[in-house]
Number of protein chains: 2
Amino acid sequence: MSNGLPDPAAAQREDVSYGPLPGYLGHLLRRAQARVFADFADALGEAVSPAEFGLLTLVAANPGITQVRLAAALSLDKSTLSPALARLTRRGLLKRERLASDGRLQALRLAPGAEATYATLRARVEAHEARIAAALSPAEHAELLRLLRLLLGWDLPGPSAPAR
Amino acid sequence: MSNGLPDPAAAQREDVSYGPLPGYLGHLLRRAQARVFADFADALGEAVSPAEFGLLTLVAANPGITQVRLAAALSLDKSTLSPALARLTRRGLLKRERLASDGRLQALRLAPGAEATYATLRARVEAHEARIAAALSPAEHAELLRLLRLLLGWDLPGPSAPAR
DNA sequence: TATTGTTATACTCTATAACTATA
DNA sequence: TATAGTTATAGAGTATAACAATA
C-alpha cells in the first residue's frame, strides 16, 4: 500500500484538528519515516528492506568490517544484526569470513559478483529518494538533510557531509 | 537505555565510513526517529508511549471523534487502534461512548478527571521536545518542522501550522 | 575474565482477514 | 450490502539474557 506523495487519507482527515502534534518533532519524524518507508517498499519490493540496504551500504563502504562494529555504527544491538546478515549471506549478497588472526571475528564483504546487484539496488534507492524529495526544492532538500544530521549530532567532525 | 544527545556509540563508530547513507532521507529519518523515541521513553517512562500520547492528543483536540476517523487521521488501520484505545480506557485516560444515533459508532473523549493528567503529560512531552531540539537554533528548529510538514504534504491548506 | 557472534525469547508496532453488530 | 469496531494472527524490528568459541 501507499504510493506517491499526495496523502490518500487526506480527504477523511480534513475535518480533524491535529492540535499541537504538527509542532512536535517526534510526531513529524514518525509520520515522515512511515511515509518514506512505504515508498521505499513500493520502489524496492521484495528486493531489500530499508534496514538490509543500510547494512549492504555500510559493508560496501567498509569492506572487512565486523558485526560488532557494524552494530555500533547503526546504534543497534549485535543480536539484531545476526539474522539479517545471515539472510543476506544466504541470498548471495554478503560473504562472511572468519579471521585467521582472531577466530572470534568475521570480516564482512559484498559477495563476489554482488557488486553489480548492489549498484542496481543503489540506483533504485536513489530514484526513490529523488521521488520523495520532489516535494522540496533542492535547497530545501539539502537543508532538511543538514538539519537532521545536526539533530543527530553528526555534522560536527563526524561521518556526515563529506565522509567519502 | 539511551539518554541525552551526544551519541554514546560515537567512539566505536569513528573509524567507520557511512558511504552515501548520510545523504539519504530515509536513513536519517530512521536514525532521528530512533533517537527521539529513546529520549521520549527516558522522559516519560511508563507513563505513555509516543503512539499513546499521539492518540490522547488527537482525542483531546477532537472530542467525540470516532475510531475510524482517528485511524484515518494517523494513517493507521482501525485494527491497530483498538487495543491501544482499550488500554488507555482501562487506565482511566479515555472514555468511549456508543452513540444513540448510530449504534456502530463510539465517541472518544478524555475521561472526566483525566484532563489534568493529560496536561501534565503534555508538559513533560514538551520538555522532552525542547531537550531534543536543543541541538538546533530556534530558527533551525522551526525550519526543520516546516520541511518535515512539507515532505508530508501538509502545510498546503491542511492541518499544519495554525490548526488550532 | 572479556569479546564475538548465535540463539532463544519477548515485546512493540503494524497489517490483513474474518467476525459481530448495526445500519 | 456497507460500515464501525474487535479479535486472531502474522510479520518486521528491536532488545535482553544465556551460551559457545576464542582470546
Side-chain angles (χ1 to χ4, degrees), chain A residues 1-2 8-9 12 26-27 29-31 33-38 40-42 44-46 48-55 64-90 94 96-108, chain B residues 1-2 8-9 12 26-27 29-31 33-35 37-38 40-42 44 46 48-55 64-90 94 96-108:
Chain A
M1 179 192 321
S2 141
Q12 264 279 27
H27 184 73
L29 288 170
R30 174 155 73 98
R31 301 292 293 263
Q33 208 225 358
R35 176 77 62 92
V36 169
F37 271 37
F40 186 105
D42 282 353
L44 276 290
E46 301 289 284
V48 281
S49 70
E52 288 169 345
F53 180 74
L55 290 174
I65 193 174
T66 62
Q67 294 186 203
V68 163
R69 281 183 57 217
L70 195 54
L74 292 168
S75 303
L76 296 174
D77 191 85
K78 59 189 160 76
S79 72
T80 301
L81 262 42
S82 266
L85 294 172
R87 205 178 330 125
L88 291 170
T89 303
R90 227 180 302 120
L94 286 186
R96 290 192 281 190
E97 241 176 357
R98 292 220 102 94
L99 291 190
S101 55
D102 185 336
R104 295 170 301 184
L105 305 182
Q106 287 180 114
L108 293 162
Chain B
M1 178 194 321
S2 140
Q12 263 280 29
H27 185 73
L29 289 170
R30 174 157 72 101
R31 300 293 293 263
Q33 208 226 0
R35 177 76 64 90
F37 270 37
F40 187 106
D42 282 354
L44 276 290
E46 302 290 284
V48 282
S49 70
E52 287 170 346
F53 180 74
L55 290 175
I65 193 173
T66 62
Q67 295 186 201
V68 162
R69 282 183 56 217
L70 195 53
L74 292 168
S75 304
L76 296 174
D77 191 85
K78 59 190 160 75
S79 73
T80 301
L81 260 43
S82 264
L85 294 171
R87 206 179 329 128
L88 291 170
T89 303
R90 229 179 303 120
L94 286 186
R96 290 192 279 190
E97 242 176 356
R98 292 222 102 94
L99 291 190
S101 54
D102 184 336
R104 295 170 301 182
L105 304 181
Q106 288 179 118
L108 293 163

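In what follows, chains are A, B, ... by sequence order, proteins preceding strands, each numbered from 1.
- Judged as a salt bridge (Lys or Arg N to Asp or Glu O under 4.0 Å), the pairs with a partner in residues 97-108 of chain B (not counting sequence neighbours) are, in order, B:E97-B:R109, B:D102-B:R104.
- Against DNA chain D, the stretch residues 100-108 of chain B makes heavy-atom approaches under 4.0 Å through B:R104, B:L105, B:Q106.
- Of the side-chain N and O atoms in A:Q67, one or more sit less than 4.0 angstrom from OP1 or OP2 of C:dT6.
- When each of A:S49 and A:K78 is assigned the nucleotide of DNA chain D with its nearest heavy atom, A:S49 is the one assigned upstream, toward the 5' end.
- If you take CZ of A:R87 and P of C:dT7, they are 13 Å apart, rounded to a whole angstrom.
- For D:dA15, one of the phosphate oxygens OP1 or OP2 lies less than 4.0 angstrom from a side-chain nitrogen or oxygen of A:T80.
- For the pair A:L99 CG and C:dT3 P, the computed distance is 17 Å after rounding to whole Å.
- Taking atom CZ on A:F37 and atom C1' on D:dA12, their separation rounds to 11 Å, with Å as the unit.
- B:A86 and B:R96 get closest at one heavy-atom pair: CA-NH2, 3.4 Å.
- Rounded to whole angstrom, the span from the CG atom of A:L85 across to the P atom of C:dT4 amounts to 15 Å.
- Nucleic acid contact for A:T66: sugar-phosphate only, since backbone atoms but no base atoms lie under 4.0 Å from a heavy atom of the residue.
- For C:dT14, one of the phosphate oxygens OP1 or OP2 lies less than 4.0 angstrom from a side-chain nitrogen or oxygen of A:R30.
- B:T89 places a side-chain N or O within donor-acceptor distance of the main-chain N or O of B:L85, the cut-off being under 3.5 Å.
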As a quick check of understanding, evaluate side-chain contact (heavy atoms from CB on, under 4.5 Å) for B:R30 and A:Q33, giving each step before the final call. CA-CA 6 Å; B:R30 174 157 72 101; A:Q33 208 225 358; 3.4 Å; yes
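- The nearest heavy atom of DNA chain D to B:I65 and to A:L76 marks one nucleotide each, and the one closer to the 5' end goes with B:I65.
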Can you list the steps and then say if B:T66 with B:L108 is a side-chain contact (heavy atoms from CB on, under 4.5 Å)? CA-CA 6 Å; B:T66 62; B:L108 293 163; over 6 Å; no
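- For B:E52 and C:dT12, the CD to P distance is 10 Å, given to the nearest whole Å.
- In terms of phosphate contacts, B:R96 brings a side-chain nitrogen or oxygen within less than 4.0 Å of OP1 or OP2 of D:dT6.
- As rounded to whole Å, 15 Å separates atom C1' of D:dG5 from atom CG of B:L94.
- One can place CG of A:L70 at 17 Å from C1' of C:dT3, the figure rounded to the nearest angstrom.
- We find that CG of A:L81 is positioned 9 Å from P of D:dT14, with the value rounded to whole Å.
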Determine, step by step, whether B:L105 and B:R69 satisfy the side-chain contact (heavy atoms from CB on, under 4.5 Å) criterion, reporting the C-alpha distance in whole Å, the side-chain angles of both residues, the deciding distance to 0.1 Å, and the verdict. CA-CA 11 Å; B:L105 304 181; B:R69 282 183 56 217; over 6 Å; no
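- A donor N or O paired with an acceptor N or O is not found under 3.5 Å between the base of D:dT7 and the side-chain atoms of B:S82.
- Rounding to the nearest 0.5 Å places CG of B:L55 at 10.0 Å from CD1 of B:I65.
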